[in-house]
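The block underneath contains the structure these notes are about, expressed in structure tokens.
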Amino acid sequence: VVIRYMADPGMHSLPSATPSPTGKYIAYQSMDNQIKIYSTGDRVKLHSRKNFKCHVSAGYACQIAWSLDGKYILSGDGDGFVWIYDWKSCKVVKRMKVHDKVCIGLLWHPCEQSRIATCSWDSTIKFWD
């Protein structure tokens, strides 16, 4: 097993990770309210220009998810919101209040890209269009 050291990712823990659909990148939820993107080639490299921030995830291991086509990144949030970011521009496409407490888990529907599932510490699982 090859272990690689990721040099100083802002000195914040990265409690949640998910690979891109192509496998070229891994998105990490950082405890400094950002999503950090690393390449997965021969050299593990932080992509500092790919900076997704607006959501509040500090203190929570909120999941992140890629759309099936890799065009969007979805993030949960400590205030019960779901944030949808555009991959190319790194800008917020949509923000939705989905739960009363932390939106800790989420997932794109495997066949219908317009649908997502979310779960929360308020003991609910919800489906959205």
Side-chain angles (χ1 to χ4, degrees):
V1 176
V2 176
I3 297 174
R4 296 183 183 207
Y5 173 73
M6 291 182 193
D8 189 19
M11 298 305 291
H12 293 279
S13 65
L14 306 169
S16 178
T18 186
S20 68
T22 62
K24 289 183 177 182
Y25 304 100
I26 299 178
Y28 291 91
Q29 186 72 266
S30 177
M31 287 297 190
D32 64 347
N33 299 324
Q34 296 182 54
I35 296 173
K36 309 276 187 174
I37 305 295
Y38 285 85
S39 63
T40 58
D42 292 336
R43 288 190 46 208
V44 175
K45 179 185 168 195
L46 173 66
H47 287 274
S48 57
R49 284 191 240 146
K50 290 290 183 187
N51 199 0
F52 302 91
K53 56 182 176 183
C54 281
H55 61 289
V56 178
S57 61
Y60 306 103
C62 298
Q63 286 183 334
I64 40 184
W66 295 79
S67 62
L68 300 175
D69 59 7
K71 292 181 179 179
Y72 302 100
I73 294 181
L74 198 61
S75 176
D77 160 302
D79 295 326
F81 287 92
V82 164
W83 295 79
I84 302 173
Y85 294 97
D86 179 71
W87 169 249
K88 285 188 178 181
S89 69
C90 301
K91 294 184 180 180
V92 176
V93 174
K94 190 169 187 176
R95 178 185 124 175
M96 303 183 308
K97 177 74 171 172
V98 294
H99 292 283
D100 295 329
K101 295 185 179 177
V102 178
C103 179
I104 200 74
L106 41 76
L107 192 61
W108 289 95
H109 190 282
C111 298
E112 297 179 41
Q113 186 159 328
S114 64
R115 305 187 86 189
I116 60 170
T118 61
C119 64
S120 173
W121 285 359
D122 63 11
S123 302
T124 59
I125 298 172
K126 298 179 180 180
F127 296 94
W128 304 90
D129 274 324

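For the pair K94 and W83, the cation-pi test (distance below 6.0 Å, angle within 45°) is failed. Cation-pi geometry between K97 and F81 is satisfied (NZ or CZ under 6.0 Å from the ring centre, within 45° of the ring normal).
Distance alone, capped at 3.5 Å, places no donor-acceptor pair between the K88 side chain and the K71 backbone. Formation of a donor-acceptor pair under 3.5 Å by the S120 side chain with backbone atoms of V102 is found in this model. Under a 3.5 Å cut-off, the side chain of S30 and the backbone N or O of N33 do not form any donor-acceptor pair. In this structure a side-chain-to-backbone donor-acceptor pair under 3.5 Å is missing from D77 to V82. The closest donor-acceptor contact from the side chain of Q63 to the backbone of L106 lies under 3.5 Å. Checked by atom type and distance alone, the side chain of T40 pairs as donor or acceptor with a backbone atom of K24 at under 3.5 Å. Under the 3.5 Å distance criterion, the side-chain polar atoms of H109 are matched with a main-chain donor or acceptor of C111.
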Checking side chain to side chain contact (heavy atoms under 4.5 Å, CB included) for the pair C54/Y85: CA distance, chi angles, key distance, verdict?
-> CA-CA 10 Å; C54 281; Y85 294 97; 3.7 Å; yes
Under the side chain to side chain donor-acceptor pair (under 3.5 Å) criterion, do T18 and W66 qualify, and how do the steps go?
-> CA-CA 8 Å; T18 186; W66 295 79; 4.7 Å; no
What do the steps show when you test S39 against H47 for side chain to side chain contact (heavy atoms under 4.5 Å, CB included), and what is the final call?
-> CA-CA 7 Å; S39 63; H47 287 274; 3.3 Å; yes
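Scanning both residues, S57 and M31, for their nearest heavy atoms gives O-SD, 3.8 Å. W108 and A65 get closest at one heavy-atom pair: NE1-O, 3.6 Å. Here the closest heavy-atom approach between residue S16 and residue A61 is recorded as CB-O, 4.4 Å. Contact record, I64 with A27: CD1-O, 3.2 Å, taken as the closest heavy-atom pair.
In this view, S123 satisfies the side-chain hydrogen bond (donor to acceptor under 3.5 Å, both in side chains) rule with no residue, not counting sequence neighbours.
With salt bridges taken as basic N to acidic carboxylate O contacts below 4.0 Å, one links R115 and D129.
Neither I84 nor I35 shares a network with the other; the hydrophobic side chains, linked directly or stepwise wherever heavy atoms of I, L, V, M, F, W or Y lie under 4.5 Å apart, form separate groups for each. Residues I26 and L14 share a single hydrophobic cluster, defined by chaining ILVMFWY side chains whose heavy atoms lie under 4.5 Å apart. Hydrophobic clustering, with ILVMFWY side chains joined whenever heavy atoms are under 4.5 angstrom apart, keeps I73 apart from L68. When the side chains of ILVMFWY residues are joined at heavy-atom separations under 4.5 Å, either directly or via intervening members, M96 and Y72 end up in a single hydrophobic cluster. Residues Y25 and Y28 do not share a hydrophobic cluster, defined by chaining ILVMFWY side chains whose heavy atoms lie under 4.5 Å apart.
Between the side chains of S75 and Q29, a donor-acceptor pair is found at a separation under 3.5 Å.
The shortest distance between side-chain heavy atoms of S67 and L74 does not fall below 4.5 Å.
For the atom pair NZ of K50 and CD of Q34, the computed distance is 14.5 Å after rounding to the nearest 0.5 Å. Distance NZ/K36 to OG/S48: 9.5 Å, rounded to 0.5 Å. In this structure, SG in C90 is found 10.5 Å from NZ in K53, a value given to the nearest 0.5 Å. Taking CH2 from W87 and CG from D69, the interatomic distance works out to 12.5 Å, rounded to the nearest 0.5 Å. Taking CD1 from I104 and SG from C62, the interatomic distance works out to 4.5 Å, rounded to the nearest 0.5 Å.
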